[in-house]
Amino acid sequence: MKTPMTFKTHMDQALTEARAAALRGEVPVGAVVVSPLGEVIAAAGNRTRELKDPTAHAEVLAIRAACAELGQERLTGCDLYVTLEPCPMCAAAISNARIQRLYYGAADPKSGGVAQGPRVFSHAQCHHKPEVYDGLAEAEAQALLLDFFAAKR
């Protein structure tokens, strides 16, 4: 008899990256890329202010690092865990990287690009649509964001 496969989330590491981003004064978003074997390949938090780069979102940085680690431009079979629903730019990067599964925490009604707004993966021009699972550690991810922005006001 086969042993049932156990789901192991890596959202805890994405939340750690998000907390580190907040400590740097960045919007607290974290991302983790996991190999098909379940090993963490790359992890990152937002660094747009630090790098003075509007594309330095956690997802993009984690995808870049994973591609560099693997020496390839595609992450076929890999999963991405991110604390906040990806924006349209990040959703396009996820599609182009051929991420197999996207897991995210909090929804982003203002700037999301997956379940909100443009819904990038539903467009005919989208060449690859990952499996999408939302709501992982949603309350904790949302609390990080709310606390961060409350402290700014």
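Being a predicted model, the structure only gives us computed values, none of them experimental.
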>> Go through it in stages, so that I can follow the logic: the residues are Tyr133 and Arg101, the test is side chain to side chain contact (heavy atoms under 4.5 Å, CB included), and I'd like the CA-CA distance, side-chain angles, deciding distance and then a yes or no.
In response: CA-CA 8 Å; Tyr133 302 92; Arg101 284 180 289 268; 3.9 Å; yes
>> Is there a path of hydrophobic side-chain contacts, each under 4.5 Å between heavy atoms, that joins Met11 and Leu145?
In response: no
> How is the hydrophobic cluster of Met89 composed, in terms of its other members, when Ile, Leu, Val, Met, Phe, Trp and Tyr link through side-chain heavy atoms under 4.5 Å apart, directly or indirectly?
Replying inline: Val60
> Would Thr48 and Glu26 count as a side chain to side chain contact (heavy atoms under 4.5 Å, CB included) if you check the C-alpha gap in whole Å, the side-chain angles of each, and the deciding distance to 0.1 Å?
Replying inline: CA-CA 7 Å; Thr48 59; Glu26 303 277 358; 3.3 Å; yes
>> Once rounded to the nearest 0.5 Å, what's the spacing between atom NE2 of His57 and atom CG of Leu84?
In response: 10.0 Å
> Counting distance only, does the side-chain N/O of Glu85 pair as donor-acceptor with the main-chain N or O of Asp108 below 3.5 Å?
Replying inline: yes
>> Side chains of Val120 and Ser95, heavy atoms from C-beta outward: is any pair under 4.5 Å?
In response: no
> In Å and rounded to the nearest 0.5 Å, what is the NE2 to CD distance from His127 to Gln125?
Replying inline: 8.5 Å
>> So does Pro118 get a backbone contact from the side chain of His123, meaning a donor-acceptor N/O pair under 3.5 Å?
In response: yes
>> Tell me if a side-chain donor or acceptor on Thr83 pairs with a main-chain N or O of Gly30 at a distance below 3.5 Å.
In response: yes
> Between atom CG of Leu61 and atom CG of Leu51, what is the distance when rounded to the nearest 0.5 Å?
Replying inline: 6.5 Å
> Stepwise, does the side chain to side chain contact (heavy atoms under 4.5 Å, CB included) test hold for Tyr103 with Thr9?
Replying inline: CA-CA 9 Å; Tyr103 299 93; Thr9 182; over 6 Å; no
> Which residue, Val34, Ile99, Ile94, forms the side-chain contact (heavy atoms from CB on, under 4.5 Å) with Leu75?
Replying inline: Ile99
> Quick one: do Val27 and Ile63 end up in the same hydrophobic cluster if we chain Ile, Leu, Val, Met, Phe, Trp and Tyr together by side-chain heavy atoms under 4.5 Å apart?
Replying inline: yes
>> Would a single hydrophobic cluster contain both Val33 and Val82, if residues Ile, Leu, Val, Met, Phe, Trp and Tyr are joined by side-chain heavy-atom contacts under 4.5 Å?
In response: yes
> With side chains defined as the heavy atoms from C-beta onward, is the minimum distance between Glu59 and Leu80 less than 4.5 Å?
Replying inline: yes
> Going from NE2 on His128 to OG1 on Thr76, what distance comes out if it is rounded to the nearest 0.5 angstrom?
Replying inline: 7.5 Å
> Just how far is it from atom OH of Tyr81 to atom CG of Leu15, taken to the nearest 0.5 Å?
Replying inline: 12.5 Å
> What distance separates Glu140 CD from Arg19 CZ, expressed to the nearest 0.5 Å?
Replying inline: 4.5 Å
> Is any side-chain heavy atom of Lys110 less than 4.5 Å from a side-chain heavy atom of Gln116?
Replying inline: no
>> Main chain of Ala58, side chain of Asn46: is a donor-acceptor contact present, judged purely on distance under 3.5 Å?
In response: yes
> Does Glu50 offer a backbone N or O that forms a donor-acceptor pair with the side chain of Arg24 under 3.5 Å?
Replying inline: no
